[in-house]
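Heads up, the thing below is written out as structure tokens.
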Protein chains: 2
Amino acid sequence: MSAGHTAITTPGAAEGEPVISCETPQDECGVRDVLDRLGDKWSVYVVVELASGVLRFKELQRRIHGGISQRMLTLTVRRLERDGLVKRTVHPTVPPQVEYELTELGHSLTHLVKTLADWSIAHRPDIAAARRAYDGRAAQAEAGATR
Amino acid sequence: MSAGHTAITTPGAAEGEPVISCETPQDECGVRDVLDRLGDKWSVYVVVELASGVLRFKELQRRIHGGISQRMLTLTVRRLERDGLVKRTVHPTVPPQVEYELTELGHSLTHLVKTLADWSIAHRPDIAAARRAYDGRAAQAEAGATR
DNA sequence: CCGTATCCCAGCCGATACTG
DNA sequence: CAGTATCGGCTGGGATACGG
């Protein structure tokens, strides 16, 4: 991974006017850092569930969509803990009890996730329509090739 | 994948006050739709590069961080096209010439990407510090176990 | 130039079994 | 309950070669 220059311009902005500029190319502006977290299958759901409060391991597992495996939940919360997004508290009782909660940093991420979710919900019809159109065209092209 | 209920509350909101609610659990609120796009290694970079204007295939490939392979650029761009985020225009010249540009939908995503990038840049020091602290603790614990 | 087709490896992730 | 350990399938994605 490496880069020279990267920039985003909005439609409204003057052409070539950078909205995002990367001055530290060697780590890809750190964007990849966040995206990697968002990219892995479960992190977002953990953040979403923890956004509403403190949860124990099993309870967290039970709430997550589609049933995350023990293994993946462990890995996911560990990564989130390592990144300072989640706080892990072990109560030395028997049986053991471990509680997870978002840190301040973690809570600030929930706002981004909300933005993402809003966009997603707002534009889902558009995306669905685009896919149908694309798939329709593809099927038609295939039929044309056979004909 | 399936779910019963999912909600996000912000720290400021009253406890249990849902900021995000999922009424259509069967498709995970559509959030996964967006996340899957963001999650795959290259989509974001393609969107970022196209945000500043129309680009041909080879030029796009040349600009992207770390040198995306032909194969992956093709796949990425096709997915984005299918989702209606990118418009693909083939000029039937010889040699062939194909131009890529963002659609309106695609441009609206750049705003989200910018938000993500801003958050990422703003909190990178925090994350880096958290990782150092975590790794330090881990190393110490290991030393303690050996001692 | 712009792809598509094929091969192949590395890693993710689920299932399962075992500890403190 | 809350993990760790191990195995195995699946998929993402790079390298390469070829076609229009």
Side-chain angles (χ1 to χ4, degrees), chain A residues 1-2 28 32 35-46 49-50 54-82 86-101 134 137-138 141-142 144-145, chain B residues 1-2 28 32 35-46 49-50 54-82 86-101 134 137-138 141-142 144-145:
Chain A
M1 296 295 182
S2 69
E28 298 178 335
R32 189 45 76 191
L35 259 33
D36 282 351
R37 238 41 30 276
L38 261 40
D40 51 59
K41 210 174 173 185
W42 300 110
S43 295
V44 174
Y45 289 118
V46 170
E49 293 304 332
L50 288 182
V54 179
L55 288 175
R56 297 180 54 176
F57 187 90
K58 200 66 187 261
E59 181 60 19
L60 190 51
Q61 184 180 19
R62 209 171 303 117
R63 289 200 188 196
I64 287 181
H65 292 191
I68 183 173
S69 64
Q70 229 177 42
R71 171 191 151 82
M72 287 318 296
L73 183 52
T74 302
L75 289 177
T76 303
V77 292
R78 283 298 190 286
R79 277 191 296 250
L80 291 173
E81 186 194 3
R82 178 168 183 264
V86 160
K87 171 127 172 279
R88 178 167 169 269
T89 312
V90 181
H91 299 280
T93 60
V94 47
Q97 182 169 345
V98 182
E99 291 182 334
Y100 295 92
E101 62 190 307
Y134 184 94
R137 263 176 281 140
E142 196 165 333
Chain B
M1 296 295 179
S2 70
E28 300 180 332
R32 188 46 74 191
L35 259 33
D36 282 351
R37 280 300 118 270
L38 263 40
D40 52 56
K41 208 174 171 184
W42 301 109
S43 295
V44 174
Y45 289 118
V46 170
E49 293 304 331
L50 288 181
V54 180
L55 288 175
R56 296 180 55 177
F57 186 88
K58 200 65 188 267
E59 180 60 19
L60 189 51
Q61 184 179 20
R62 209 172 304 117
R63 290 201 188 195
I64 286 181
H65 291 191
I68 184 174
S69 66
Q70 230 177 47
R71 172 190 149 83
M72 287 318 296
L73 183 52
T74 302
L75 288 178
T76 302
V77 138
R78 282 297 190 287
R79 278 192 293 249
L80 291 172
E81 186 194 3
R82 178 167 183 264
V86 160
K87 170 127 171 281
R88 177 167 170 271
T89 313
V90 182
H91 299 280
T93 61
V94 48
Q97 183 170 344
V98 182
E99 291 183 333
Y100 295 93
E101 62 191 306
Y134 184 94
R137 262 176 282 139
E142 196 165 331

Notebook entry, point to check: Can you name the closest pair of heavy atoms from A:M72 and A:T76 and give their distance?
Noted result: O-OG1, 2.6 Å
Note to self: My understanding is that only residues two or more places apart in sequence, or in another chain, count here; which of them pass side chain to side chain contact (heavy atoms under 4.5 Å, CB included) with B:Q70?
What the structure shows: B:F57, B:Q61
Checklist line | Closest approach of B:L35 to A:L38 (non-hydrogen atoms, all atoms of both residues) | finding: CG-O, 4.1 Å
Item checked: From NZ (B:K58) to CG (B:L73), nearest 0.5 Å -> 11.0 Å
Next item on the list: To the nearest 0.5 Å, tell me how far B:S69 OG sits from B:L75 CG.
Entry: 8.0 Å
Notebook entry, point to check: Just the endpoints, please: which first and last nucleotides of DNA chain C, 5' to 3', lie under 4.0 Å from a heavy atom of chain A?
Noted result: C:dC13 to C:dG20
Check: Which value, rounded to the nearest 0.5 Å, describes the distance between A:I68 atom CD1 and A:R63 atom CZ?
Finding: 14.5 Å
Notebook entry, point to check: Are OP1 or OP2 of D:dG3 and a side-chain N or O of A:Y100 less than 4.0 angstrom apart?
Noted result: yes
Next item on the list: For B:R79, enumerate each residue passing the side chain to side chain donor-acceptor pair (under 3.5 Å) test, keeping only those at least two apart in sequence or located in another chain.
Entry: none
Item checked: Contact check, side chains of A:L60 and A:V77, non-hydrogen atoms, under 4.5 Å -> yes
Next item on the list: Quantify the bending of the helix from C:dC1-D:dG20 to C:dG20-D:dC1 as the angle between its end axes, each fitted on five pairs, to 10°.
Entry: 40°
Next item on the list: Can you sort out the partners of A:R88 under side chain to side chain contact (heavy atoms under 4.5 Å, CB included), two or more places apart, ordered by chain and number?
Entry: A:R78, A:E81, A:V90, A:V98, A:Y100
Notebook entry, point to check: Given D:dT4, is OP1 or OP2 found less than 4.0 Å from the side-chain N or O atoms of A:R78?
Noted result: yes
Next item on the list: Flag the pair A:T89 / A:E101 as yes when at least one side-chain heavy-atom distance between them is below 4.5 Å, and no otherwise.
Entry: yes
Next item on the list: Take atom CG of A:L60 and atom P of D:dA2, then tell me their distance rounded to the nearest Å.
Entry: 10 Å
Notebook entry, point to check: Between A:E59 and B:R79, who's closer to the 5' end of DNA chain D by nearest nucleotide?
Noted result: A:E59
Note to self: Using heavy-atom distances to pick each residue's nearest nucleotide on DNA chain D, tell me which of A:F57 and B:L75 is more 5'.
What the structure shows: A:F57
Next item on the list: Determine, for nucleotides 14-20 of chain D in 5'-to-3' order, which nucleotides have protein heavy atoms under 4.0 Å from the base (write B), from only the sugar-phosphate (write S), or from neither (write -).
Entry: BB-B--B
Next item on the list: State which residue, out of A:K87, A:H91, A:R56, fulfils the side chain to side chain donor-acceptor pair (under 3.5 Å) condition with A:E99.
Entry: A:H91
